[in-house]
Amino acid sequence: METFKPFIPAEKKLPELTVTSIITGVILAIVFGAANAYLGLRVGMTVSASIPAAVISMGVIRMILKRDSILENNIVQTIGSAGESLAAGAIFTLPALFMWATEFGEKTPSLFTITLIALIGGLLGVFFMIPLRHALIVKEHGTLPYPEGQACSEVLIAGEEGGKKAGIVFKGLGIAALYKFIADGLKLFPSEVDYSIGAYKGSGIGGDVLPALLGVGYICGPRVGAVLTAGGFMAWFVLMPLFVLLGGSTVIFPATVSISEVFENGGTWGLWSNYIRYVGAGALATAGIISLIKNLPLIAKTFAQAFKSFGSKGETTNDRLSSELPMNIIMIIIGVLAIALWLIPSIPVNFLGAIIIIIFGFFFATVSSRMVGIVGSSNNPVSGMAIATLLISTIILKATGKVGFAGMTSAIAIGSIICIIAAIAGDTSQDLKTGYIVGSTPKAQQIGEVVGVVISAITIGGVLYLLNAAWGYGSSELPAPQATLMKLVVEGIMSGNLPWNLVFVGVAITITAELIQIPSLVFAIGLYLPIHLSLPILVGGLVRWFFERKKNNETEEQANAREAKVEAGVLYSSGLIAGEGIVGILLAVFAVIKVGGNSLGDIINISRFVSLGNIGGILFFALLIVTMCLITREKKSK
């Protein structure tokens, strides 16, 4: 494979880590972090902010401030996206501490405690990932697509080059923004189409008919989409019908009623949330271990190269594109953070807990960094990693006698830090991938990540306190579904009610997939995530397959035309991801703005007057696919 050449070559130096880029990035980190915290606590999912940050950066720096540096824009995107990622890790776990404080009559965690947990988790996520950059970003550039990192680079480069490429990106951005606003803003049709199959009880099918998933599928290709969907089919067409067929009156934790009642009252989603997520957690944990074992030689080689710089006082190379934070500084900071976890009284973690965090933190930082290279940060199942951590850490804490309120809060603190580590490591990987393609200095990006983490950690505590004071976690306004699940996992282990059989079913499925040479990590992700996420990704992959398939006796001109069409599809897909991300953030802000006692989001909702239902969702998604095909077809070879 030819040596990769970035957009900005090594010998060319542009403004990068400037006051303008830092201030703009900090503002975006605060806004995206707050908006995503609310969104995640409301619906259990967050949206990636990397591409929206890049697009907004271009608007501010290039168009308003009249500055022309793609590397400055990349730094803004790097800092800004840290807010969303840290918020995702925090809101999936920390609200459990607030809920337990209410139940047990204890004090809520202090603002200082939340800030420390978020800060240490975020910094560890950055510093664990940095030594992996060469192995994952450079060595596997042609193997791991990092869809959002690649999409973000396409957005930045298209904005820099202008012309037809920029036009394709912004066509996708505009169409996706309008689509997202109609679907999730006006709610003219549901963005999630869902059908239960009555003749095959327990099964169901559907899809999140959204632009970003279609774009991710196109960028990742048909192979990834097919394996993801295979995992979803295993859950929704094999396991769930078996539960209904054989379960009957059996009661399995966390459900408090029989399997038949779970299905009657909650349908397929009741089966998925009560049982399949535990199977998926076991599958994900096993796939992560297998992935780590398979990559140990590469990881060991990477760390051996990194440790050669131990003791150096500055940059490890004169090459700007290889310049990174010195390894000795990274190791010292990791050691200081580990000691802080153990010794600071405000953090409910003892010496054993600190060791668990360092070991599992490195493990899941590695797994997350590779995983987002396959499915993107938006679909990075950090909650699944947190569940796996909680399973092991709570068992260890219980075995050492740390039980009750103190044991549970310690377990959640450990799980929260691991969750934040995984989220930030994934985000850092996507950002460094973007920087690798556009030609940013890794050291400048790594400093930017640290700045974003510090600012986000300071603000996330205030956001969590304000939301808890306004509505309270576990309420209808803020159900905090992920944190509630983490709470149930810890309580289940402490009380001895955890369904280990479900966890080991997931373990066995992953091992089987690995033995028959199915990519087990991708398959496990598909098993854990709802099939509604996998199917649209598969559709996007199939569209790409249609345009990139080779014909017999293809001429060079035909090959060039085919490659140009595929490239146009990638550009358009990048725009789709960007457009949905920006409007997703905007709608999250609308949800917290009150006008006359109602949120702005409720005011613009027209579904109470007119709704096209599932059929409308399918038709609009079909139209979106048509636009992708038309724009891809019209691209001609030079």
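When all heavy atoms of Leu432 and Ile137 are compared, the closest pair comes out as O-CG2, 3.9 Å. Looking at every heavy atom in both residues, Ser369 comes nearest to Tyr146 through O-OH, 2.7 Å. The nearest pair of heavy atoms linking Asn350 to Trp342 is C-CD1, 3.9 Å. Considering all non-hydrogen atoms of both residues, Pro95 and Ala480 come closest at CB-CB, 4.4 Å. Here the closest heavy-atom approach between residue Ala411 and residue Thr394 is recorded as CB-OG1, 3.5 Å. Nearest approach of Gly353 to Val349, heavy atoms of both residues: C-CG1, 3.4 Å.
A 4.5 Å side-chain heavy-atom check between Glu72 and Leu14 finds every atom pair outside the cut-off. Side-chain contact between Phe351 and Ile339 is absent, with no heavy-atom pair separated by less than 4.5 Å. When side chains are defined from C-beta on, Ser57 does not count as touching Gln77, because their heavy atoms never get closer than 4.5 Å. Taking the side chain as every heavy atom from C-beta outward, Cys152 and Gln430 never approach each other to under 4.5 Å. Side chains of Ile604 and Phe590 form a contact here, defined as non-hydrogen atoms less than 4.5 Å apart. Taking the side chain as every heavy atom from C-beta outward, Val454 and Leu119 approach each other to under 4.5 Å. Between Val138 and Arg133 there is a side-chain heavy-atom pair separated by less than 4.5 Å. Glu106 places none of its side-chain heavy atoms less than 4.5 Å from the side chain of Trp100.
At a cut-off of 3.5 Å, with distance as the only test, a side-chain donor of Thr441 or Glu16 sits close to an acceptor on the other residue. For the residue pair Thr78 and Asp431, no side-chain donor N or O sits within less than 3.5 Å of a side-chain acceptor on the partner. Ser21 and Thr18 form a side-chain donor-acceptor contact under 3.5 Å, judged by distance and modelled atom types alone.
Listed for the Lys398 side chain is a donor-acceptor partner under 3.5 Å among the backbone atoms of Met494. Of the possible polar contacts, one joining the Thr400 side chain to the Leu397 backbone as a donor-acceptor pair under 3.5 Å is found. A distance-only check finds no donor-acceptor pair linking the side chain of Ser85 to the backbone of Ile424 [under 3.5 Å]. The main-chain N or O of Ile437 is never found under 3.5 Å from a side-chain atom of Ser153 such that the two would form a donor-acceptor pair.
Here Ile330 contributes atom CD1 and Leu325 contributes atom CG; the two are 5.5 Å apart, rounded to the nearest 0.5 Å. Interatomic distance, CD1 of Ile130 versus CD1 of Ile329, reported as 11.5 Å (0.5 Å rounding). Annotation: the span from Ile357 atom CD1 to Leu352 atom CG amounts to 10.0 Å, rounded to 0.5 Å.
Taking a cutoff of 4.0 Å between a charged side-chain nitrogen and a carboxylate oxygen, Lys443 and Glu324 do not qualify as a salt bridge.
Ring orientation note: the planes of Phe362 and Phe128 are nearly perpendicular, at an angle over 60° on the 30°/60° scale.
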For residues 457-466, which side-chain donor-acceptor pairs fall under 3.5 Å, sequence neighbours excluded?
| residue | atom | partner | partner atom | Å |
| --- | --- | --- | --- | --- |
| Thr459 | OG1 | Ile455 | O | 3.3 |
| Thr459 | OG1 | Ser456 | O | 3.1 |
| Tyr465 | OH | Thr108 | OG1 | 3.3 |
| Tyr465 | OH | Pro109 | O | 2.2 |

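Identified under the side chain to side chain donor-acceptor pair (under 3.5 Å) test for residues 403-416, with sequence neighbours left out: Thr93-Ser416.
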